[in-house]
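What follows is a single structure, written as structure tokens, with notes after it.
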2 protein chains.
Amino acid sequence: MLREYDCAFLDDVIVDGRVAHAESVREQYATDESPHEGRIPDAVVWPATTEEVAAVLEGANGRGIPVTPRSGGSGLEGNAIPTAGGIVLSTADIGHVDVSPADLQATVGAGVVYDDLNERLAAKGLRFAPGISSGDVATIGGMVATNASGFNAVRYGETRDHVRRLEVVTADGRIVDCGRNVVKTSAGYSLKDIFVGSEGTLGVVTEVTLGLVGIPEYRRAALVTFPSRVDASRAVADAIGSALVPGAIEFIDATAMKMINAYHDDVSFEERPTLLIELHANNSGIEEDLAFAKAICEDHGMRSWEAAAEENVDDVWQARRDKYHATNAYRGDWEVALVGDVVVPISRYPEIVEEVSQASDDLDLLTSCVGHAGDGNLHFTPLVDPDDEAMVERAHELNERVVRKAIALGGSATGEHGVGIGKRKFMCEEHGPAVDLMRSVKETLDPNGILNPDKVLPDG
Amino acid sequence: MLREYDCAFLDDVIVDGRVAHAESVREQYATDESPHEGRIPDAVVWPATTEEVAAVLEGANGRGIPVTPRSGGSGLEGNAIPTAGGIVLSTADIGHVDVSPADLQATVGAGVVYDDLNERLAAKGLRFAPGISSGDVATIGGMVATNASGFNAVRYGETRDHVRRLEVVTADGRIVDCGRNVVKTSAGYSLKDIFVGSEGTLGVVTEVTLGLVGIPEYRRAALVTFPSRVDASRAVADAIGSALVPGAIEFIDATAMKMINAYHDDVSFEERPTLLIELHANNSGIEEDLAFAKAICEDHGMRSWEAAAEENVDDVWQARRDKYHATNAYRGDWEVALVGDVVVPISRYPEIVEEVSQASDDLDLLTSCVGHAGDGNLHFTPLVDPDDEAMVERAHELNERVVRKAIALGGSATGEHGVGIGKRKFMCEEHGPAVDLMRSVKETLDPNGILNPDKVLPDG
């Protein structure tokens, strides 16, 4: 019998219409995009202001009620599943945006959706740059929580690199400003960095001041195919090791290309290991960089080089962005078992790509791979018959094997999706004694353990 | 009567020759480069390995003996002054360097000197990029401790942005690895970021894995003069706000130029408000960027534009680097009272530059300014007669006034020198309730308060 929490106090601190006790609403907040088991929370609340967030947390903390923060709900590791019940606190309605173009900076509410923000910024020639796949759903608050990144991190960095200041509400309801609206500072402990990537286990982010970049004047993209995965991944390692700084360098294996082609009526890419290379610049020197990139690809036996016309670049990226849906749609009732997400030092990228391939063969799984290769980040998605329990089990075995290999190569269990529920078991292997320090930080900032229980840290 | 600590245990944990109890040695470790009052420590120790650092800390922690970490001793805010006595722990002898060019990465001991590291890296076409003035003395450990940066941070970021992994020894002597050798990760709390910039108050950094950048193939530099400080600083704000990403953009006021000219027999720069602009690129598009930079300077009434020949660029930078010595040498027995270091949002840069000028006039002080202007970072150095107590007092009043103005403009009390002793009193004004969280972190990681007492956090 799961414990139920009395959340009646919410009606005293949040205006009517911003609290849901009805099961029909609550059940929509039981899961996220991950395959992890859901749980229906006891209440859902949508504060409109930081003060309301503080009131919810103060009340919950005093009563020992678990609070799971959430906004877009697009997490892939169970990051926003209310496993302990209690309250789901959605920051989706905190949606203000204040842009300061002269400072290349925007201050935004946690609930602002990534693509919406970038649409507003584009009118001013600016961009928040990590370049995530799920930008139509994911919010800035969620991106801060998981330290999200994606296609363009190879040039511009992960979310952490753009966060200048956070407004955070602590477990006991204090409102705290962390960081300043400057590009650098040496003034004390960088608290913002402890909240970035903490997945709502240390505090609830309500507002973020982000650094922005200018939209590049010149963009060139090319689809490059290779005889083998290893050739493609070696070309990536060589390009990055040669200090080329692409706008994006995406790896797409032959299986993934096949799925993308099958999903879209209007595309037919070559079904070979492929790199989608995009370069950014503000001057015509970009042509020299493009020639340099091409020469590196030639060194690694490239089969074809197709420059994408400027007007087609976004279409190619959209096809890549739809890859998750394409995979799910590929084979009747089969579905994606999980979305793997590992990162390794760039020189080891060919090895991790091979490991996925070898493990999939060993385990008799149909696995496709894409990855923000320039960062050493690889995603792999085993497609399974959900009714075949043994096959589902083998998909999780694949994940474990690849994660362990990534850690052994000096890499990390997650490049951008976060730990959530799914990656907790690897934390000791990856971090060793540092996990004890992480626990101390958690106990200090959330002594009652109300914030997003069962996430990030392994059981003690 | 200052308390003395019995440090005899050091002889049991550190080999002979790596411990000093003699006053003639100890007194050399009483101060750093700052004007703050020194104190002779009770012992100085130079561990050669991480295990020795752990043994020192474990022993000191059990005995309640203060430990002040130190390496280069080039701090400007009293960061390494052993104000409470006890042990000075120098990491200067931890000097290993292991470069992995394919991963654009180097793993180095805390005692490695910045310029020495870059000399070794240059042979491989690589660079650790923050670009600090005191690179001939400052060590990597010290740079991590203060989150140091300098000339090139505007393009490449501060030290924090390059730290992939830290090996840290905690107050109680545990050896902990924080972070992984990857360019991005979402695997748990970013402990490394809480140690970066903590000035040895939370742990002792023994080893650092740094991300590197390629040395740019093309470099262009120009010295540009303006009719007024305001014109020069507006040109900087305009360039950055236009998303130009220079390799460096340094502000040097007319007084500073006069001092630089007086110090060097072989230079005679124009004594007007000046920007030293440097651009970096790997292709010939750099000429377009240079033309763009020049057009912005023209918009702000530039008086002269002198392109520096490639072979002279380093000489010009050396003149700028010597500015501190030039200031001290400028007027007989007068000396630099303090080196101011504030940072503001770039759009407010003209205001902070004016504030220094106005405050110097009001307080009848001879103050010169330089600054890594592209970051909104400004240094100001009042020159005083050290025997004139009232004048010295006015210099500190100037500092207070400018720091308070920087904070009021949304900026920070220190851009790169750290808090040390000198900036503690501004922490509550800058951070508000976040200071309480910082205190909690300190109490968690150093419960006995042995690590670098009296630094960073204000008295509670």
Side-chain angles (χ1 to χ4, degrees), chain A residues 101-104 146-147 149 153 158 161 174 176-178 180-191 193-194 196-198 214 237 241 243 281 283-285 288-289 343-347 375-376 410-419 427 430-434 437-438 440-441 444 456, chain B residues 101-104 146-147 149 153 158 161 174 176-178 180-191 193-194 197-198 213-214 237 241 243 281 283-285 288-289 343-347 375-376 410-419 427 430-434 437-438 440-441 444 456:
Chain A
D103 290 312
L104 302 182
T146 53
N147 188 27
S149 58
E158 50 192 355
D161 297 317
R174 282 176 289 168
V176 181
D177 244 47
C178 303
R180 301 290 286 174
N181 291 347
V182 288
V183 298
K184 70 178 202 186
T185 168
S186 293
Y189 309 154
S190 187
L191 293 174
D193 280 298
I194 207 78
V196 174
S198 69
N283 58 58
S284 60
E288 292 165 48
D289 286 349
V343 62
V344 294
I346 193 67
S347 68
D375 298 317
S412 174
T414 165
E416 52 185 33
H417 295 168
V419 179
M427 289 302 94
E430 176 167 337
H431 295 298
L437 289 196
M438 293 184 196
S440 304
V441 170
T444 301
V456 182
Chain B
D103 290 312
L104 302 182
T146 52
N147 187 28
S149 58
E158 50 192 356
D161 298 316
R174 283 176 288 169
V176 182
D177 244 46
C178 303
R180 301 289 286 175
N181 290 347
V182 288
V183 298
K184 70 179 203 184
T185 168
S186 293
Y189 309 153
S190 187
L191 293 175
D193 280 299
I194 207 77
S198 69
V213 299
N283 58 57
S284 61
E288 292 165 49
D289 286 349
V343 61
V344 293
I346 193 68
S347 67
D375 297 317
S412 173
T414 164
E416 52 186 31
H417 295 167
V419 178
M427 289 301 94
E430 177 167 338
H431 295 297
L437 290 195
M438 292 184 195
S440 303
V441 170
T444 302
V456 182

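Lettering follows sequence order; numbering is per chain, from 1.
When all heavy atoms of A/Asp375 and B/Val183 are compared, the closest pair comes out as O-CG2, 3.5 Å.
To the nearest 0.5 Å, atom OG of residue B/Ser412 and atom CZ of residue A/Arg180 are 7.0 Å apart. Here A/Asp289 contributes atom CG and A/Asn283 contributes atom CG; the two are 8.5 Å apart, rounded to the nearest 0.5 Å. Here the CG-CG distance, from A/Asp161 to A/Asp193, works out to 9.0 Å after rounding to the nearest 0.5 Å.
If you tally non-hydrogen atom pairs under 4.5 Å between each of A/Gly432, A/Gly285, A/Gly376 and chain B, the highest count goes to A/Gly285. Heavy-atom pairs under 4.5 Å with chain A peak, among B/Ser190, B/Gly214, B/Ala243, B/Gly241, at B/Ser190. For the set B/Val213, B/Val441, B/Asn181, the count of heavy-atom pairs under 4.5 angstrom toward chain A peaks at B/Asn181. Contact tally against chain A (heavy-atom pairs below 4.5 Å) for B/Ser347, B/Pro433, B/Ala434, B/Ala187: the top residue is B/Ala187. For the set A/Glu288, A/Lys184, A/His417, A/His431, the entry with the most heavy-atom pairs within less than 4.5 Å of chain B is A/Lys184. For the set B/Thr444, B/Thr414, B/Val176, the entry with the most heavy-atom pairs within less than 4.5 Å of chain A is B/Thr414. For the set B/Ser440, B/Gly411, B/Gly418, the count of heavy-atom pairs under 4.5 angstrom toward chain A peaks at B/Gly411. Of the listed residues (B/Thr185, B/Val456, B/Val344), the one with the most heavy-atom contacts under 4.5 Å to chain A is B/Thr185. Between chain B and the residues A/Gly410, A/Ala102, A/Ser198, A/Gly188, the largest count of heavy-atom pairs under 4.5 Å involves A/Gly410.
With a 4.5 Å cut-off on non-hydrogen atoms, A/Glu158 touches chain B through its side chain but not through its backbone. For A/Pro101, the part sitting under 4.5 Å from any heavy atom of chain B is the backbone (N, CA, C, O) and nothing else. If you measure heavy-atom distances from A/Val343 to chain B, the contacts under 4.5 Å come from both the backbone and the side chain. If you measure heavy-atom distances from A/Met438 to chain B, the contacts under 4.5 Å come from both the backbone and the side chain. Looking at A/Asp103, both its backbone and its side chain come within 4.5 Å of chain B, counting heavy atoms on both sides. The contact between A/Leu104 and chain B is made entirely by side chain atoms (from C-beta outward), counting heavy-atom distances below 4.5 Å.
Counting only distance, with no hydrogens or angles, the side chain of A/Glu430 and the backbone of A/Ala413 share a donor-acceptor pair below 3.5 Å. Looking at B/Ser186, its side chain does come within 3.5 Å of a backbone N or O of A/Thr146 through a donor-acceptor pair. Listed for the A/Asn147 side chain is no donor-acceptor partner under 3.5 Å among the backbone atoms of A/Gly197.
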